[in-house]
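Comments concern the structure below.
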Protein chains: 2
Amino acid sequence: MDHEQTSSGSSDVVPTSSARHARITDVAKLAGVSMKTVSRVVNGEAGVLPGTRDRVLAAVAELGFVPDSRARSLKRGGTDTIGILIDAISDPFFAALVSVVEELALERGLSVLFASTGYDGRREREQLARLTGDRLRGLILAPVDVTTPELTALRRRFPVVCVDRAREGIDSVVVDDFGATVQAVRAFVAHGHRRIAFIGEHTPYPTVATRLEGYRAALDEAGITFDQSLVVEQGRHREERSLTELLRRPDAPTAVFSATSPATIAVINTISAEHLRMPALISFGDFEFADVFTPGITCVDQDPRLIGQATFRRLLDLVDDAAAEPEHVVVPTHLITRGSGELAPDDDLPAPIGALR
Amino acid sequence: MDHEQTSSGSSDVVPTSSARHARITDVAKLAGVSMKTVSRVVNGEAGVLPGTRDRVLAAVAELGFVPDSRARSLKRGGTDTIGILIDAISDPFFAALVSVVEELALERGLSVLFASTGYDGRREREQLARLTGDRLRGLILAPVDVTTPELTALRRRFPVVCVDRAREGIDSVVVDDFGATVQAVRAFVAHGHRRIAFIGEHTPYPTVATRLEGYRAALDEAGITFDQSLVVEQGRHREERSLTELLRRPDAPTAVFSATSPATIAVINTISAEHLRMPALISFGDFEFADVFTPGITCVDQDPRLIGQATFRRLLDLVDDAAAEPEHVVVPTHLITRGSGELAPDDDLPAPIGALR
DNA sequence: CACAGCCTTGACAACGTTGTCGAAGGCGCG
DNA sequence: CGCGCCTTCGACAACGTTGTCAAGGCTGTG
């Protein structure tokens, strides 16, 4: 039997997506069995004679039959899709997170429905509404504006795990913002720094605020008085005048703690553009080019792979036990020392980072 | 009527995802209408009395009813989901691509099913098989190993658009690899360079090969003899010994064309680590830190946003007209001059890029 | 006042699949 | 040789939704 040129009676020149997909009944008819038997073969159930199975498989191949996952999941009462809702995939942190989650999902035969909020609460709600209709197996999300009650309502439909930002009463996987920052500032102190700046980013999330708290706590611990003028929180797209001013003033900080990767980039840009001397620098969040510079940029590593694994694992746990008590997982961080964080206050480093002349 | 505290009779302590979702019949019963009327209200169809509509909406709100998109799409015979299958989301190019596509999809009420191949043909086929079962509205993919016949078969099920890499007979959106490379090399020649290196990456895709062809063509055009020793194609994770050797030799190239972003990073790393003098450098593919260096890295910009828009538009065209002849869209590129590409052969640039001391 | 026509609503089937149950046939054993 | 069991298979209903069609009430007009 030729399996090319399925003659369907019509004389289409090019069979471009006009012919409906083969259904299970088509396969059944061709193989001379019932749909149920086809179903059995396709799903690898036992109790089908080898001969029958072969005939069915031949028919499946000939017609190019692929079971309709919608009908399947509708009947079975469970989807094979998990959703992931994040700020933006252009953020390398989330890119890595999605990457890990998709990988793990694939291992378990799950599909990943991707959605992003663009840091926008309205869009977040839109996306959540859409995702709800999709009857997911579970949802991973980095919450923006969505409140605990809303998430609790969602939680009744399918397991939900928050990532990067926690919500009371909902499972979450976050990083130890406070502790990691304390650790970084302690390192500065240990190297003799006293004027330590905090460069943040104005976000609607508490992560940066928590890091700021850690910064203050570590200063307290070292007996250093908190100085508001050493703190710069820049807007997402705001100009960096205050940052420049801070780094150029006579008593410029000898050490800079940068609370996010974008902030770090801004710092490096500023130092480079203004030909300033290099302060000690630690960045919260690793980034691709951190080791291209000399010295490399010391980073607090919030390993997205680790976070992704923990998040996915927790989601699966919840799939198995929907009534489990909410758990808040804190993924440990560690300092990747590359040089920039280990500079002493009096290190003379006239050449600006990234400069050529 | 209170819409808090839905008294359902049972005395669950925590209603964690145990209660089944409200179905359209539940809403109908509560509102005292037929399911069809609920369907009409939910879908915004005309011909429902305001009073009836209000009662239905109240019932919908009380039960937290969200229509099941699987049943809906099954009945309607069309999904609201498009698939996107790419190499890896950790590649910033694809991250940006997915970002744009998702944005455009959202505007049209479409969901995005995300999948990646990890540059692996086996995994690609696995993913394609899964996606097929999902009865997509359309699929965007960066083909790895999949052949034209396979894609043609897929094409019968739903529209398919290839991105970044073309396949004969299938719609595609690519970048002008050849032309852009010619343009870059011409710029080098115009600045007086004669020893121009080509740093590629060993990929299974023809993109790099096409760029190499452009490189050779531009050399020919300028009357420069092709020199194989100036071409380095490094493996994905291979050591960069040959690159180092090339850049360190006495007659090192005065200009370097780097065919991919990773290759560019390798070049910069090498220059930085080996404290070499800075050659003129043009990178195929922009990257985040390109303007942090001094001078900034001149790049051939293959704008993922543009590519994403073109791809999505083409996909929608195909959704409307499934029988359309395959089209091959070539998205124009342009050179972003930042300094590194405009260096002359005799420019003395002793300080290595990214160096501090 | 009768009848046509519109507006609103509902009963029913169907989308493609799988779970349930029962039927038919073969085989072993008494 | 007959009975019962196991194996293999099929008919049917159902998952939750929407499209089709028709019923019923109401209005307008001759």
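What you see below is based on every heavy atom in this structure, not just the backbone, and it leaves out hydrogens, waters and symmetry mates. Labels below follow one simple rule: chain letters A, B, ... track the order of the sequence lines, proteins then strands, and each chain is numbered from 1.
In this structure, the CE atom of A:Met35 is 11 Å from the P atom of C:dG16, given to the nearest Å. Rounded to whole Å, atom P of D:dT17 lies 17 Å from atom CG of A:Asp68. Taking atom CZ on A:Arg23 and atom C1' on C:dC15, their separation rounds to 10 Å, with Å as the unit. Distance NZ (A:Lys29) to P (C:dG16): 12 Å, rounded to an integer number of Å. Following rounding to the nearest Å, B:Asp134 (CG) and C:dC15 (P) show an atom-to-atom distance of 21 Å. In this entry the distance linking NZ of A:Lys36 with P of D:dC12 reads 15 Å, nearest Å.
In terms of modelled atom types and a separation under 3.5 Å, the side chain of A:Arg23 and the main chain of A:Asp68 share no donor-acceptor contact. For the pair B:Gln309 (side chain) and B:Val100 (backbone), a donor-acceptor distance under 3.5 Å is absent.
The side chain of B:Ser34 lies closest to C:dA11 when the candidates are D:dT17, D:dG10, C:dA11. Nearest to the side-chain atoms of B:Arg40 among the listed nucleotides D:dA13, C:dT9, C:dG16 stands C:dT9.
The phosphate of D:dT18 has OP1 or OP2 within less than 4.0 Å of a side-chain N or O from B:Ser39. A close approach under 4.0 Å does occur between a side-chain nitrogen or oxygen of A:Thr37 and OP1 or OP2 of D:dG10. Between A:Thr52 and D:dT8, a side-chain N or O to OP1/OP2 separation shorter than 4.0 Å is absent.
Side-chain atoms of B:Glu102 and B:Ser111, non-hydrogen and from C-beta on, never get closer than 4.5 Å to each other. Inter-residue side-chain proximity for B:Tyr119 and B:Asp91 is flagged as met; some heavy-atom pair is nearer than 4.5 Å. Residues B:Leu141 and B:Leu128 form a side-chain contact, since some pair of their non-hydrogen atoms from C-beta on lies under 4.5 Å apart.
Proximity of residues 43-51 of chain A to DNA chain D (heavy atom under 4.0 angstrom from any strand atom) is restricted to A:Gly47, A:Val48, A:Leu49. Scanning residues 70-82 of chain A for heavy-atom distances under 4.0 Å to DNA chain D yields A:Leu74, A:Lys75.
Counted within 6.0 Å of CZ on B:Arg108, heavy atoms from surrounding residues, nucleotides or ligands total more than 12; the atom is thus considered enclosed. Within a 6.0 Å radius of CD in A:Glu45, other residues, nucleotides and ligands contribute more than 12 heavy atoms.
Position along DNA chain C of the nearest nucleotide to B:Val33 versus B:Arg135 favours B:Val33 as the more 5'-ward residue.
Screening B:Val27, B:Ile24, B:Val66, B:Asp26 against B:Val60 for a side-chain contact (heavy atoms from CB on, under 4.5 Å) leaves a single residue, B:Val27.
Inspection of the A:Arg70 and B:Ser73 side chains reveals an N or O donor paired with an N or O acceptor under 3.5 Å.
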